[in-house]
S.K.: 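Handing you a structure now.
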Amino acid sequence: MKLLYIYHSGFLLEGEDFILVIDYYRDSGEVNQGVVHDLLKNSRKRWYVLVSHRHPDHFNSEILQWSQQVADIHYLFSWDVCKKLRQEERDGIVFLSKQEVWEDDIMRIKAYGSTDIGVSFCISFRGKFVFHAGDLNNWHWQEESTLQESATYERNFLRELQEIAAEVAKVDLAFFPVDPRLGKDYMRGAMQFIDHIAVKCLVPMHFWENYAAANVLGDFVREKGIRFITLNHPGQSIELA
């Protein structure tokens, strides 16, 4: 299986007979150029396009046009994205709320909670489990908020995390926010995530172009015996087992 880093929180997983795209915001190259558009040109595989929430750095309505190029495509969006679409654009889209499940003969996708709008996703296929956090994170903002506010943010995050951990004991691949805007404790949410859920491989996201800050997490993750994917440019390709 191949992993392609698109940009920001956007990723593509390619298997033998499917392509899974999560939180596409922009392609890895110039406008309408990059790894996703290259695959769109000649793909005969089944596509799954997931959107965790409606924020513009996670959702680009361009993805609705992909159905003109891909014969077999499934759109699975968080419930809140519905508000961004016209009635005629909603046809053929599955909107998922927390705890809802969609599945076919290849994929099973379950929506979990978030500490922002939208949902996070646990995706399973052929014995593999993948978790994409969306905007689920410990958004504590400790350097800007009061102690009470920060404690509330953390309590909300840990509640969501415990609910997920009660059903998802381990994942093969996890995508989790590592956003340097949070200040000195910007990796706190990711650290708490791997303390609650057994992760084989962790990929940082939601860091815009601050690759150096995102990759600092690698030292902590590797000490836990977890594979860490070091990202360094949009369009990067990684082979996974």
Side-chain angles (χ1 to χ4, degrees), residues 1-78 81-82 84-86 88-96 102-109 118 121 123-126 128-134 172-175 201 203-209 211 214 229-241:
M1 183 169 61
K2 181 186 295 184
L3 167 65
L4 293 172
Y5 170 57
I6 306 173
Y7 182 73
H8 194 48
S9 294
F11 295 90
L12 184 151
L13 282 171
E14 182 175 12
E16 291 183 3
D17 55 357
F18 72 86
I19 289 175
L20 170 67
V21 180
I22 312 173
D23 279 8
Y24 176 92
Y25 156 48
R26 46 163 271 197
D27 210 338
S28 58
E30 300 298 326
V31 177
N32 293 333
Q33 296 181 22
V35 294
V36 178
H37 283 81
D38 288 345
L39 286 168
L40 280 167
K41 292 174 184 176
N42 300 301
S43 178
R44 295 183 179 179
K45 298 182 178 182
R46 184 179 300 175
W47 282 57
Y48 302 86
V49 183
L50 277 60
V51 178
S52 68
H53 61 289
R54 68 177 184 267
H55 285 167
D57 59 329
H58 293 255
F59 170 64
N60 183 338
S61 61
E62 175 204 329
I63 62 179
L64 300 176
Q65 302 170 18
W66 295 353
S67 61
Q68 300 173 18
Q69 297 174 263
V70 179
D72 191 359
I73 189 166
H74 296 278
Y75 292 106
L76 298 121
F77 294 177
S78 168
V81 183
C82 185
K84 295 277 287 187
L85 304 177
R86 299 187 304 273
E88 61 270 23
E89 293 177 316
R90 299 172 188 171
D91 293 341
I93 299 173
V94 175
F95 295 97
L96 296 175
W102 178 92
E103 61 185 317
D104 66 2
D105 58 318
I106 297 177
M107 294 276 174
R108 183 181 189 273
I109 298 163
F121 291 114
I123 306 141
S124 56
F125 52 90
R126 294 170 183 148
K128 299 289 186 182
F129 290 85
V130 175
F131 186 83
H132 189 287
D172 297 282
L173 179 65
F175 303 99
C201 180
V203 186
M205 67 177 189
H206 211 284
F207 54 83
W208 300 95
E209 297 179 5
Y211 293 91
I229 301 298
T230 299
L231 298 177
N232 50 54
H233 64 86
Q236 183 175 343
S237 177
I238 302 104
E239 289 294 332
L240 301 172

S.K.: Can you confirm if the aromatic rings of Tyr75 and Trp47 lie within a centre distance of less than 6.0 Å?
M.R.: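 Not under 6.0 Å, so no.
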S.K.: How far apart are the closest heavy atoms of Glu14 and Lys45, and which atoms are they?
M.R.: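 Residues Glu14 and Lys45, closest heavy atoms: OE2-NZ, 2.9 Å.
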S.K.: Quick one: sort the Phe11 and Tyr5 rings into parallel, tilted or perpendicular, breaks at 30° and 60°.
M.R.: tilted
S.K.: How close do Pro234 and Tyr7 get, counting heavy atoms only, and between which atoms?
M.R.: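 Nearest heavy atoms, Pro234 then Tyr7: CG-CD1, 4.0 Å.
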S.K.: Taking the side chain as C-beta and beyond, is there a heavy-atom pair between Phe77 and Arg54 under 4.5 Å?
M.R.: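 No, side chains not in contact.
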S.K.: Carefully, step by step, assess Asp23 and Ser9 under the rule side chain to side chain donor-acceptor pair (under 3.5 Å).
M.R.: CA-CA 6 Å; Asp23 279 8; Ser9 294; 5.4 Å; no
S.K.: Search all heavy atoms of Val51 against all heavy atoms of His58 and return the closest pair with its distance.
M.R.: CG1-O, 3.9 Å
S.K.: Hey, is the main chain of Thr230 close enough, under 3.5 Å, to the side chain of Gln236 for a donor-acceptor pair?
M.R.: yes
S.K.: So do the side chains of Ile123 and Leu13 get within less than 4.5 Å of each other, counting heavy atoms only?
M.R.: no
S.K.: Any idea which heavy atoms bring Ser78 and Ser52 closest together, and the distance?
M.R.: CB-O, 3.0 Å
S.K.: Does Asp38 reach the side chain of Gln33, with side-chain heavy atoms less than 4.5 Å apart?
M.R.: no
S.K.: Would the number of heavy atoms belonging to other residues, nucleotides or ligands and lying under 6.0 Å from CD of Glu16 be above 12?
M.R.: no
S.K.: For the side chain of Ser43 and the backbone of Leu40, is there at least one donor-acceptor N/O pair under 3.5 Å apart?
M.R.: no
S.K.: Where do His233 and Glu209 land on the side chain to side chain donor-acceptor pair (under 3.5 Å) test, with the steps shown first?
M.R.: CA-CA 8 Å; His233 64 86; Glu209 297 179 5; over 6 Å; no
S.K.: Less than 4.5 Å apart, any side-chain heavy atom of Val49 and any of Tyr24?
M.R.: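 No, every pair of side-chain atoms sits at 4.5 Å or beyond.
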S.K.: Hey, does Asp104 have a side-chain heavy atom less than 4.5 Å from the side chain of Arg46?
M.R.: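 Yes, close enough: below the 4.5 Å cut-off.
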S.K.: Can Asp91 and Arg86 be counted as an ion pair, charged N to O under 4.0 angstrom?
M.R.: no
S.K.: For the ring pair Phe59 and Tyr25, is the centre-to-centre distance below 6.0 Å?
M.R.: no
S.K.: Taking His8 for the side chain and Gly10 for the main chain, is one N or O donor matched with an acceptor at less than 3.5 Å?
M.R.: no
S.K.: Calculate, to the nearest 0.5 Å, the distance between atoms CE and CD1 belonging to Met205 and Ile22 respectively.
M.R.: 8.5 Å
S.K.: Step by step, work out the salt bridge (charged side-chain N to carboxylate O under 4.0 Å, His left out) result for Arg44 and Asp17.
M.R.: CA-CA 8 Å; Arg44 295 183 179 179; Asp17 55 357; over 6 Å; no
S.K.: Compare all side-chain heavy atoms of Leu50 with those of Val21 and state whether any distance is below 4.5 angstrom.
M.R.: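 In short, these two side chains do not touch, never coming nearer than 4.5 Å.
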S.K.: His74 and Tyr48: aromatic ring centres closer than 6.0 Å?
M.R.: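 Ring centroids of His74 and Tyr48 are less than 6.0 Å from each other.
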S.K.: Using side chain to side chain contact (heavy atoms under 4.5 Å, CB included), reason through Phe207 and Leu231 one step at a time and then give a plain yes or no.
M.R.: CA-CA 11 Å; Phe207 54 83; Leu231 298 177; 4.0 Å; yes
S.K.: Answer whether the closest heavy-atom distance between the side chains of Lys2 and Ser237 falls below 4.5 Å.
M.R.: yes
S.K.: Applying side chain to side chain contact (heavy atoms under 4.5 Å, CB included) to Leu12 and Leu3, what does each step give before you reach the verdict?
M.R.: CA-CA 6 Å; Leu12 184 151; Leu3 167 65; over 6 Å; no
S.K.: So Lys128 and Leu173, do their side chains get closer than 4.5 Å, heavy atoms only?
M.R.: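 Contact flag for Leu173/Lys128 side chains = no.
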S.K.: For the pair Arg126 and Met107, evaluate side chain to side chain contact (heavy atoms under 4.5 Å, CB included) and give the outcome as yes or no after the intermediate values.
M.R.: CA-CA 8 Å; Arg126 294 170 183 148; Met107 294 276 174; over 6 Å; no
S.K.: Between Leu85 and Ile93, is a side chain to side chain contact (heavy atoms under 4.5 Å, CB included) present by the stated rule, with each step listed?
M.R.: CA-CA 11 Å; Leu85 304 177; Ile93 299 173; 3.7 Å; yes
S.K.: If I compare all heavy atoms of Gly34 with all of Ser28, which pair ends up nearest, and what's the gap?
M.R.: CA-OG, 3.3 Å
S.K.: Can any side-chain N or O of Asp27 pair as donor or acceptor with the backbone N or O of Val36 at less than 3.5 Å?
M.R.: yes
